[in-house]
Each structure stands twice: as C-alpha cells, then as structure tokens.
There are 2 protein chains.
Amino acid sequence: MERRTPAPESLLGRLRRRDWTLTAQRRAVAEALDGAHVHLTADAVHRRAAARLPEISRATVYNVLRELAALGEVREMGGEGRAKRYDPNAVEPHHHLRCERCGALRDVHPHGTNRLRLPPGERYGFALRGVDVVFRGLCPDCARAG
Amino acid sequence: MERRTPAPESLLGRLRRRDWTLTAQRRAVAEALDGAHVHLTADAVHRRAAARLPEISRATVYNVLRELAALGEVREMGGEGRAKRYDPNAVEPHHHLRCERCGALRDVHPHGTNRLRLPPGERYGFALRGVDVVFRGLCPDCARAG
DNA sequence: ATCCAGTATTAGACATAATCTAATCACCGT
DNA sequence: ACGGTGATTAGATTATGTCTAATACTGGAT
C-alpha cells in the first residue's frame, strides 16, 4: 500500500496555536486559503472570504495576507501576471511548476533539491534561508493551442 | 590556471545579428541593460536610456523590453517588489540569490541544478522548458540591521 | 534622391494591484 | 460601563504596466 504523507495540519489549526488574535475576518481569510494546491491572488482570497463574511474589506485581506506571510504561514509568490499569489502550504517543503503561457501553477516535489548547493565563493556573505525552484513549461492545453 | 568562460557576446552584439530593426531607441535600451549582474526595473532602464536619448518614451521602453523577452534575449523576472526586473544575461545559464529584506539580487551558479528532475508522475503533461532557482536569504547589510 | 508601405515611437489616457490614511470598531482587563 | 490596545474599514493614493490613435521613421523600390 502506498504510504501517504500524513495530512499536514491546516493553516487555521496552525494559527490557533499561535499567539495571534483570531478574529472573524482573519478566520475567513485563513479558510479561503486553506486546502492543498491552492495559489490564489489577493483578489481571489477576498472574493472567497467575502462569500462567508460579506462585509470584509479589501484592505483587511491585504493586511492579513501580509501578516501571514511575515509569520511564515503562507508563501507570497511573485508570479506570472501582475498579481502576487499566496500559497498556504508553507509547512510541507515543495516547489512549483508553472505554465509560461497561461500561468497555471502546480505544486511539485522534484528530486535533487537537497543537492542544490551554493559554492561558498558565491554566497556573497548572505545568510541562506531557503531555495525556491520553479519549473517552467507549457501545460497540455497551451501546448495544444500552440 | 583557472579556465575562464569566454566573455559572452554583449546583448547589443547579439541583437545586431538578428533580423531585428535596430533603432536609436532600441540601442539605448540594449545599452542600458548591458553588463553582467544587472537586474534593472523597467523604470530604471528608462532612466538610463533617457540619459543617452532624452526623448525616449516610457511606452517604448516597455515595448522593447517585452520584445526582448519574447526573443529570449533578456529574462523577465517577477521579483520581490511590484516591479519586474530584466536580466540581460540570457546566454550563460545561471540562477539567483535574493535578499528577502531589501531585494538585492545576485547571479549565482549553484552546483546540482543539472540533477533537478521532476518525477514523471508530477509533470502533469507539461512540456518542460527550463527551471529557475532562487536562493533566499539575508544580505550582510540586512543581517546586520536585524 | 524620392516615394511608399510597413513598422516604430510617442504622449497621454487607462487599467490594475497594492498601500496608505484617518476614522471607527471590537475585544479584554479592570 | 470604561479605557486602551489593536483590528477593521472606505476611500484616496501610489506604483506599475498597458492601450490607443496619431505621428515619425526605416529600408526598399524606383
């Protein structure tokens, strides 16, 4: 039987145990983000959150997303188009695969990332904190469309 | 004796041999971009180009940058802040090291990138065209500043 | 050299994403 | 209930990039 990675604790669950005031608005944002393989724009998060909490403002969504990113609970990804995307899966290490044409984005778990090394002479005194890997390509739909 | 990679042909040089009308404006943009380890925003390119050709318009700079990216002569990088950055070093394969705090960006040549493999089950039918690797960390100045 | 057709450039209007501001509101401990 | 801290809000503002329609330039044909 295939071994499954244990379901990672949800974003909301992780937030509960932090010293971080959990308001209705913040919960709505966290719930909008939750789920695997989700890479929403701030605007999409706002739409989803507003479905539950109609009076939530855009500013709050932006505030909360910025704080979640600062807490390390979501990853902010400067993406293909102009809008940033937010990846709630900050716990399980993973990378991304993006369509160069339509911007479609998937989570992937490539082999070999643990071998990525920056030669000492190229560290420029930086304190390294992580690596992001993005595979670029054409998704089946876009490949077909030319 | 250390083997040096031969100095890559300049962006301008590469452009000359293409079937691509080389106007004064386009030359100014190419010259603004040229040089290693340069990762300018469109606005910075415009400032530099305007130093040589004061009447060049913002629209032209954006047009030319978009075309150069489409030609594969510069890499357009969705970056830290809101503004895209343009990397003229599209010939020599390389990756990047970015400061999470101030956004400083350096070219690097990490070991192990040729071992990066996407398991077949995670390709989702994509036709792969490349990989971008970005090391994240804190530059010496920002590390010092806390 | 001149003309022409096609292409490049331009100023400024427009669109979009994100941030800022100042006012209001909610929660918590007393 | 009161006051203070911090969260939320609407709307204005900024930043970045794109579009449009008019004009200027380029390179080839003559």
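Throughout, protein chains are lettered first and strands after them, A, B, ... in sequence-line order, and every chain is numbered starting at 1.
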For a 4.5 angstrom cut-off between non-hydrogen side-chain atoms, does [X] reach [Y]?
| X | Y | result |
| --- | --- | --- |
| B:Arg18 | B:Arg14 | no |
| B:Met77 | B:Leu105 | yes |
| A:Asp87 | A:Val38 | no |
| A:Pro119 | B:His111 | yes |
| A:Leu68 | A:Leu33 | yes |

Whole-Å distance separating the [atom1] atom of [X] from the [atom2] atom of [N]:
| X | N | atom1 | atom2 | value |
| --- | --- | --- | --- | --- |
| B:Arg58 | C:dT10 | CZ | C1' | 12 Å |
| B:Leu65 | C:dT9 | CG | P | 12 Å |
| A:Glu55 | C:dC25 | CD | P | 13 Å |
| B:Tyr86 | D:dT16 | OH | P | 12 Å |
| B:Arg27 | D:dT26 | CZ | C1' | 13 Å |
| B:Arg82 | C:dT19 | CZ | C1' | 6 Å |

Self-check item: Given DNA chain C, 5'-ward residue of the pair A:Lys84 and B:Thr60, judged by closest heavy atom
Solution: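 It is B:Thr60, whose closest nucleotide lies nearer the 5' terminus.
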Quiz prompt | Residue pairs passing the side chain to side chain donor-acceptor pair (under 3.5 Å) test where at least one lies in residues 117-128 of chain B, sequence neighbours excluded | solution =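 Only A:His109-B:Glu122 qualify under side chain to side chain donor-acceptor pair (under 3.5 Å).
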Quiz item: For DNA chain D, what residues of residues 39-51 of chain B have any heavy atom nearer than 4.0 Å?
Solution: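 Per residue number, the list reads B:Ala42.
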Write down the protein N/O and nucleotide N/O pairs, taken from nucleotides 20-22 of chain C, whose separation is under 3.5 Å; answer none if there are no such pairs.
none

Exercise. Starting at CZ of B:Arg26, measure out to CG of B:Leu12 and round the result to the nearest 0.5 Å.
Key: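 Between B:Arg26 CZ and B:Leu12 CG, I get 13.0 Å after rounding to 0.5 Å.
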For residues 126-134 of chain B, which side-chain N or O atoms pair as donor and acceptor with protein atoms under 3.5 Å away, sequence neighbours left out?
{"unit_1": "B:Arg129", "atom_1": "NE", "unit_2": "A:Glu100", "atom_2": "OE1", "d": "3.0"}
{"unit_1": "B:Arg129", "atom_1": "NH2", "unit_2": "A:Glu100", "atom_2": "OE1", "d": "2.9"}
{"unit_1": "B:Asp132", "atom_1": "OD1", "unit_2": "A:Arg136", "atom_2": "NE", "d": "3.3"}
{"unit_1": "B:Asp132", "atom_1": "OD1", "unit_2": "A:Arg136", "atom_2": "NH2", "d": "3.3"}
{"unit_1": "B:Asp132", "atom_1": "OD1", "unit_2": "B:Arg75", "atom_2": "NH1", "d": "3.0"}
{"unit_1": "B:Asp132", "atom_1": "OD2", "unit_2": "A:Arg136", "atom_2": "NE", "d": "3.0"}

Quiz prompt | side-chain N/O B:Tyr62 vs D:dG17 OP1/OP2, d < 4.0 Å | solution =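 The answer is yes; a side-chain N or O of B:Tyr62 sits under 4.0 Å from OP1 or OP2.
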Quiz item: Do any of residues 17-26 of chain B sit with a heavy atom less than 4.0 Å from DNA chain C, and if so which?
Solution: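 Hits under 4.0 Å, by residue number: B:Thr23, B:Gln25, B:Arg26.
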Quiz prompt | Any donor-acceptor pair under 3.5 Å from A:Arg85 side chain to A:His39 backbone | solution =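 Looks like yes, one N/O pair under 3.5 Å.
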Quiz item: Can you check whether B:Tyr62's main-chain N or O pairs, donor with acceptor, with B:His46's side chain at less than 3.5 Å?
Solution: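 Not a single qualifying donor-acceptor pair exists.
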Quiz item: Can you name the ring pair (Phe, Tyr, Trp, His ring centres under 6.0 Å) partners of A:His94, sequence neighbours left out?
Solution: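 Partners of A:His94 under the ring pair (Phe, Tyr, Trp, His ring centres under 6.0 Å) test: A:His96.
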